[in-house]
Amino acid sequence: MKSVRVRFAPSPTGYLHVGGLRTALYNYLFARKNNGKFVLRIEDTDRSRYVEGAVENLISALKWCGLDFDEGPQVGGNFGPYLQSQRLDMYQKYIQELIIRGDAYYCFCTQERLEELKKEQQKQKLPQAKYDKHCLLLSKSQIENNIANKIPFVVRLNVRPNQKIIFDDIIRSHVEFDSNNVDDQVLIKSDGYPTYHFANVVDDHLMEISHVIRGEEWLSSTPKHVLLYDSFGWDRPIFAHLPLLLNPDRSKLSKRQGDVAVEDYRTKGFLKEALVNFVALLGWNAGDDKEFYLMNELIENFSLERVNKSGAIFDIEKLNWLNAEHLRKKTNNEILTMLKKSIQQSEFTNQNYSDEFLLSIIGAMKERVSFIKEFITNCQYFYTAPMEYEQKSIEKNWSSETPNHLRKIRDAFINLSNPAKEDFELELTNVATELNIGKGKLIHPLRLSISGISTGPGVFDIVSILGKEEVVKRIDTALEKIK
RNA sequence: GGCGCGUUCGUCUAGUGGUCUAGGACGCCGCCCUCUCAAGGCGGAGAUCACGGGUUCGACCCCCGUACGCGCUACCA
């Protein structure tokens, strides 16, 4: 069997789209699973759409996601260059072959004539607007003359009528087109650059790509590519056209309806593990109930045969859940590193917290957060004393007796030397017994006093993390502030 | 309009002719645990398997048609 070589071939229009990420990921998984090569090729044949820095962005987004490629820009390889704009001479060479063979031809039609043609065809209600092969009739000398006179031209694919174009697709199985419905696609543009359709075929062949795994939007133009392979006498790669990623309204996933760039999710605080896991499951599953995957598990289990046919809506709720799942699977030390980074970007950037302190927060909050930043936002009281107290909790838990109760707790705490969590709890239990009231009557006001809110880890966890001095101080403050 | 592809709970999906009175997950609701909030456990609501015809003893699964959705229809990818 031919060795597996796949490619991700984005055009450098700015950023890595999550749909692009999924295409890249499936290519990557397929390559790794089959001990093949994953190559990155940049499809920059449209000079008008080129965005400065886009290639670098693409590569860094790919890398962030953990998709390292074996060949491509920056890393090189034996099949380069990997930027199509640097392969122009190769396209020239191959287009000549096609022209000589009559499978492609020069076309000197002006934009105006083309537009008129289209208008006319629409007026006649022709089933489809196609180029009319007008320039196919040009004689050799006319062509030479035009070229000599520097009349702009394109080169078109010469599609022969009344042919069935049939190809197989791993995901869609058998697909059939009638050549009468295939337009004489422009292969070389008037600026000398190839179109996607031509460059893609030449490059995939030259780069010995074994499997073309790409989005469904390419399915309709695959007959053109097949015609090209056949004309050159090249082996066709195995095709696999992936279902599209959709907006909540089922249209093709786009900006406007939320974030589409991998970078957006990164800055929002999503873990790369969660994004990759989530995107992998959009259109693929192993056939069992497993939903939590690490990259190596995806590689182990992935197969193109189990990719779905229908488009999938990008549902952020499930991504959130997966993010929490992945976060909980991380070690506290891994989280510590991320938390420190997050603190640097927060209002507490100037504070100096010990690793030990932060680690104890992580231990207390790990089950209660979905995002790293929530280790700060969901429990600000660990970083700064409460400025205000949740009104609802005051109404519910604060009575005229409460100040006296709290004073007793404070006095009990203050005498403790080097107390552990259990010591605080014991003292509070004693006070409750002495007062002949339930512990809850003490716990809730205590929680409110030291945290300002009514939710969070066990109150004794908070107390021991904050420490005796700080807790006593906060109780005093609360006694003053809460009337 | 033409061509192509698709259609199972709100969403992601399992399902390859009898095991489906359709399973799981997210989300939602309830209960348990409990000092709160989570996490966890248990349970619930939620899909006439787009619709209509076939084929078959039997169809979510096979065939045909219809509807709807999406994609392509560029000298963009």
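First the proteins, then the strands, lettered A, B, ... as listed; each starts at 1.
With both ends at atom C1', the span from B/C60 to B/U7 equals 12 Å, rounded to whole Å. Taking atom C1' in both B/A59 and B/G71, the straight-line distance is 30 Å, to the nearest Å. Spacing between B/C12 and B/A74 at atom P, rounded to whole Å, works out to 31 Å. Taking atom C1' on both B/G23 and B/C57, the two are 27 Å apart, rounded to the nearest angstrom. Rounded to whole Å, the C1' atom of B/G40 lies 9 Å from the corresponding atom of B/C33. Between the P atoms of B/A67 and B/C75, the separation comes to 31 Å (whole Å). Nucleotides B/U11 and B/C51, compared at atom P, are 15 Å apart to the nearest Å. Separating the C1' atom of B/C9 from that of B/A50 is a span of 14 Å, rounded to the nearest Å.
The distance from atom CD1 of A/I453 to atom P of B/C35 is 19 Å, rounded to the nearest whole Å. Rounded to an integer number of Å, the gap from A/K441 NZ to B/C35 C1' is 12 Å. One atom, CG of A/N181, and another, P of B/G1, lie 15 Å apart when rounded to the nearest Å. With rounding to whole Å, A/F460 atom CZ is found 15 Å from B/U34 atom P. Spacing between atom NZ of A/K318 and atom C1' of B/C26 amounts to 5 Å, rounded to whole angstrom units. A straight line from CG of A/D315 to C1' of B/G10 spans 9 Å, rounded to a whole angstrom. Straight-line distance from the CG atom of A/L282 to the P atom of B/A25: 18 Å, rounded to whole Å. When rounded to the nearest whole Å, the span between CD1 of A/I313 and P of B/C12 equals 5 Å.
The base-pairing partner of B/C76, taking Watson-Crick or G-U wobble contacts with both distances under 3.5 Å, does not exist among the strands shown. Remark: B/G71 base-pairs with B/C3. Criterion, Watson-Crick or G-U wobble with two distances under 3.5 Å. As the counterpart of B/U34, no nucleotide is assigned, since no Watson-Crick or G-U wobble pattern has both distances under 3.5 Å. For B/U11, the paired base is B/A25 (Watson-Crick or G-U wobble, both distances below 3.5 Å). The partner of B/A45, taking Watson-Crick or G-U wobble pairs whose two distances both stay under 3.5 Å, does not exist in any strand shown. When both pairing distances are held under 3.5 Å, B/U16 makes no Watson-Crick or G-U pair with any nucleotide shown. Remark: B/U66 base-pairs with B/A50; criterion is Watson-Crick or G-U wobble with both hydrogen-bond distances under 3.5 Å.
There is no side-chain donor-acceptor pair under 3.5 Å between A/S370 and A/N320. Using modelled atom types, one finds a donor on one side chain and an acceptor on the other under 3.5 Å when comparing A/S48 with A/D46. One side chain, A/N285 or A/R306, offers a donor N or O that lies under 3.5 Å from an acceptor on the other.
Residue-level contact check: A/R47 touches neither bases nor backbone, having no heavy atom under 4.0 Å from any strand. Among the heavy atoms of the strands lying under 4.0 Å from A/K309 are primed sugar atoms or P, OP1, OP2 only; no base atom is included. Residue contacts for A/F278: at a heavy-atom cut-off of 4.0 Å it reaches no nucleic acid atom on any strand shown. Here A/G438 lies out of heavy-atom contact (under 4.0 Å) with every strand.
Within a heavy-atom distance below 4.0 Å of RNA chain B, no residue of residues 383-395 of chain A is found.
Remark on RNA chain B: of its neighbouring residues A/S454 and A/G287, the 5'-side contact belongs to A/G287, judged by nearest-heavy-atom nucleotide. If A/E317 and A/G458 are placed on RNA chain B by their nearest nucleotide, the residue sitting closer to the 5' end is A/E317.
Between the side chain of A/R172 and the base of B/C5, no donor-acceptor pair of N or O atoms lies under 3.5 Å.
Side-chain nitrogen and oxygen atoms of A/N308 include at least one within less than 4.0 Å of the OP1 or OP2 phosphate oxygen of B/U13.
Every residue two or more places apart in sequence or in another chain that forms a side-chain hydrogen bond (donor to acceptor under 3.5 Å, both in side chains) with A/D168 is listed here: A/H174. With sequence neighbours excluded, the residues satisfying side-chain hydrogen bond (donor to acceptor under 3.5 Å, both in side chains) with A/T331 are A/E334. With sequence neighbours left out, the ring pair (Phe, Tyr, Trp, His ring centres under 6.0 Å) criterion links A/F424 to A/F413. By the side-chain hydrogen bond (donor to acceptor under 3.5 Å, both in side chains) test, A/K330 is found to be paired with A/E273, residues two or more places apart in sequence or in another chain being considered. Every residue two or more places apart in sequence or in another chain that forms a side-chain hydrogen bond (donor to acceptor under 3.5 Å, both in side chains) with A/N200 is listed here: A/Y196, A/D204. When the ring pair (Phe, Tyr, Trp, His ring centres under 6.0 Å) test is applied to A/H205, the partners found at least two apart in sequence or on another chain are A/W234. Judged as a ring pair (Phe, Tyr, Trp, His ring centres under 6.0 Å), and not counting sequence neighbours, the contacts of A/F38 are A/Y28. For A/F278, the ring pair (Phe, Tyr, Trp, His ring centres under 6.0 Å) criterion is met by A/F314, not counting sequence neighbours.
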* Asked: Once each nucleotide of nucleotides 69-77 of chain B is scored for protein heavy atoms under 4.0 Å, what B/S/- sequence comes out, 5' to 3'?
  -> -SBS-SBBB

* **Nucleic acid footprint by protein, nucleotides 38-44 of chain B - heavy-atom cut-off 4.0 Å, B for base, S for sugar-phosphate alone** => BS-----

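Note on ring orientation: taking the six-membered ring where Trp is involved, the planes of A/Y229 and A/F239 are perpendicular (angle over 60°, cut-offs 30° and 60°).
Aromatic ring centres of A/F302 and A/W284 lie closer together than 6.0 Å.
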Scan the side chains in residues 384-396 of chain A for donor-acceptor partners under 3.5 Å anywhere in the protein, sequence neighbours excluded, and list what turns up.
unit_1 : atom_1 : unit_2 : atom_2 : d
A/E390 : OE2    : A/S454 : OG     : 2.8
A/S393 : OG     : A/N397 : ND2    : 3.1

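Closest to the side chain of A/N285, out of B/U13, B/G4, B/C37, is B/U13.
In this structure, A/K272 and A/H326 have side chains that are not in contact, with every pair of non-hydrogen atoms separated by 4.5 Å or more.
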